[in-house]
Protein chains: 2
Amino acid sequence: MKDVAARAGVGLKTVSRVVNGEPGVTPETERRVQEAIDALGFRRNDSARVLRKGRTASIGLVLEDLADPFYGPLSRSVEEVARAHGALLINGSSAEDPEREQELVLALCARRVDGLVVIPAGDDHRYLEPELKAGVATVFVDRPAGHIDADVVLSDNYGGARGGVAHLIAHGHRRIGFIGDMPRIHTAAERLRGYRAAMEDAGIPVAGSWMSLGVTDPERVRRAAEDMLTGPDPVTAIFAGNNRVTVTVIRVLAEQARRVALVGFDDIELADLLQPGVTVVAQDAADIGRTAAERLFRQLDGTLVNPERIELPTRLITRGSGEFPPAD
Amino acid sequence: MKDVAARAGVGLKTVSRVVNGEPGVTPETERRVQEAIDALGFRRNDSARVLRKGRTASIGLVLEDLADPFYGPLSRSVEEVARAHGALLINGSSAEDPEREQELVLALCARRVDGLVVIPAGDDHRYLEPELKAGVATVFVDRPAGHIDADVVLSDNYGGARGGVAHLIAHGHRRIGFIGDMPRIHTAAERLRGYRAAMEDAGIPVAGSWMSLGVTDPERVRRAAEDMLTGPDPVTAIFAGNNRVTVTVIRVLAEQARRVALVGFDDIELADLLQPGVTVVAQDAADIGRTAAERLFRQLDGTLVNPERIELPTRLITRGSGEFPPAD
DNA sequence: CCCGAGCCTGACAACGTTGTCCAGGCTCTA
DNA sequence: TAGAGCCTGGACAACGTTGTCAGGCTCGGG
């Protein structure tokens, strides 16, 4: 900028004015400055600008895994909102590791992002207290924050799972299996709770062998599914606690002789093209992301003050696999 | 930092030393400083640090659409490499709009990212010349840069498509359709070239009605597919130019009475579970991302100087849909 | 002709950090 | 005991920008 000023034969501040489109510059002077800018290939250094102004016009997004198809659309909709507010998006994956989450979040705070959208991996977020006090807007997504009072946007995991399981019960099933992630993960716990509630509503006692928790890698999901299909009290339907589980269960069911019903939590691509189509409890990732991001920017506006918990509804999409009667 | 120094009763520079783990501080002093830091909830302001040091420890990634399943793994692997080098990832979607691409890239440059990974939307990148001269490391991915000399990492689109079409020909097909994106997009053009080459290799003249270019939205892909299936010279096989086309073509073929063979470019999830399984020419998005990011950091090391074009091989995965004989 | 208002313009400080350099106190050795 | 050398700690400038403020110029009216 100094160089531009020198070349144009004007003061520093005048260049600054031109760069920022501020008023109070003669067209003639502006032309000279613009010329110098072009000649030197000058571009404003936003780091210095940030340092001076205090706002970075960027927000951080910490999620579990960018490669997961659930987070792609979510990330995209957050970006879209950020863009509408002239902000850039910095994101990182925690890989479901609380320590890595904290490391990422603090790195983002050191960059002085204006706000944070966090899909929590850990369950204690007190480390964020100083940041919140310092005015970093924060919205948690998909799972609530631990031990701090903050905005959170999530799906109705409990209601969705309960509805999905009730759907199976309505089609005559009583022996229904549940395969889900570790209950220390909030979504997994809520979905399990929904499963239990639906079973209880129908007066069906749940056998321990019907539930498989903390199972996530394909090999173990496969074993879990096979076990509950061939065990002493074999299930006639399975409720899959997330999209990765659903995919593996589909593979297992395809190999079975008898027809086993399936409802999965989270939609999966091409679910309608499979034989049978896969019935799912779908959450709208894009909507979740948009809602969270909009709330974030309202915090930044100062429009918002009190942390709130926003639960978005899920939608049962019937495609065939959840509508088989039990085949005992 | 000033406050911390005051509270600990030491000089500014001493606090800086503690924060950065530099040597030359008594354990006792260090303890006092650390205490003050904790008490005040101090966190270093990276903007100021960047301003001083010149390096931001962050890289920018500009892609087409984060929600596209091809870019999730790519983005993730770039992030992984960045993380290994202690850098954060800032990313944005161009939505295939050259103007938006440029806007994003320049915004990232203004942030003084150390490097850029760009999946180009436009075909003229001369606007990047001043940045390159200023030392911003840059790697293009998936498509080459326009009018500038820069590193590029991409799949062997030509060879992959040629191989895929040859596979269909080997199974007896002669009337093979091609549905792809606008040829102004490099990948689309290359794949079309591969299709033509394979047909020519086999001495098969291509009818104009077998090719549909610049078609991307599902409704038009559907019409294009139906047209070439029912036209005067109906095809017995279709080569789909990208994953979105493939998905729509699968839907159309599912409705057909006769069996039509299909090979798609890009793998799609659950392709093996469909009936029939979908034969594809797969590219390894994660590998592409990793290769590009590693090259970027080698540019930053100074290890690398001459721009290079790196072409990664594709892999034909046979699952059934590409192995039908022609059904005339 | 003088004065005040209004418009451009530029000098300067400040944002928070780090590199450079120097001072003061200590230890060790001859 | 004196001198050399090391270790710790601090003062200061600089990074590139923007907010503040004041100076100089022009123009119109009295």
Side-chain angles (χ1 to χ4, degrees), chain A residues 1-34 36-37 40-58 106-114 130-131 134-136, chain B residues 1-37 40-58 86 106-114 130-131 134-136:
Chain A
M1 199 168 211
K2 220 171 25 188
D3 302 339
V4 175
R7 186 182 177 114
V10 302
L12 260 179
K13 181 64 203 186
T14 302
V15 178
S16 172
R17 273 192 266 263
V18 171
V19 169
N20 294 296
E22 286 172 28
V25 180
T26 324
E28 160 59 14
T29 310
E30 177 168 353
R31 196 192 49 72
R32 279 217 321 282
V33 172
Q34 199 50 254
I37 288 178
L40 296 172
F42 166 79
R43 198 144 293 141
R44 182 177 60 200
N45 182 331
D46 270 354
S47 301
R49 175 169 228 254
V50 160
L51 179 58
R52 192 68 232 273
K53 310 205 83 160
R55 281 260 168 130
T56 55
S58 55
L106 294 184
L108 290 168
C109 288
R111 296 285 156 113
R112 293 294 187 270
V113 292
D114 297 336
E131 316 299 337
V136 179
Chain B
M1 201 168 209
K2 219 171 27 187
D3 302 338
V4 174
R7 184 179 178 116
V10 301
L12 262 178
K13 181 65 204 186
T14 304
V15 178
S16 173
R17 273 192 266 261
V18 171
V19 170
N20 293 296
E22 287 171 27
V25 181
T26 326
E28 159 60 12
T29 309
E30 177 168 353
R31 196 192 49 73
R32 280 217 321 283
V33 172
Q34 199 50 254
E35 216 170 81
I37 287 178
L40 295 172
F42 166 80
R43 198 144 292 138
R44 182 177 60 198
N45 183 331
D46 270 354
S47 301
R49 175 170 227 254
V50 160
L51 180 58
R52 191 67 231 273
K53 308 203 84 160
R55 281 260 170 131
T56 56
S58 55
L106 292 183
L108 290 168
C109 289
R111 294 286 157 111
R112 295 293 187 270
V113 293
D114 297 336
E131 316 298 336
V136 179

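Letters go in sequence order (proteins before strands), and every chain restarts at 1.
Backbone-only engagement by N20(A) is indicated by non-hydrogen atom pairs under 4.0 Å involving sugar-phosphate atoms exclusively.
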Scan nucleotides 7-16 of chain D nucleotide by nucleotide, 5' to 3', and note B when protein non-hydrogen atoms come under 4.0 Å of the base, S if they reach only the sugar-phosphate, - if neither. -SBBB-BBBB
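Side-chain N or O atoms of T56(B) include one that pairs as donor or acceptor with a backbone N or O of R112(B) at under 3.5 Å. When atom types are taken as modelled, the side chain of D114(A) and the backbone of R55(A) share no donor-acceptor pair closer than 3.5 angstrom.
Side-chain contact, N45(B) with R111(A): no donor N or O sits under 3.5 Å from an acceptor N or O.
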Show your working on salt bridge (charged side-chain N to carboxylate O under 4.0 Å, His left out) between R31(B) and E28(B) and close with a plain yes or no. CA-CA 5 Å; R31(B) 196 192 49 73; E28(B) 159 60 12; 3.4 Å; yes
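Identified under the salt bridge (Lys or Arg N to Asp or Glu O under 4.0 Å) test for residues 4-19 of chain B, with sequence neighbours left out: none.
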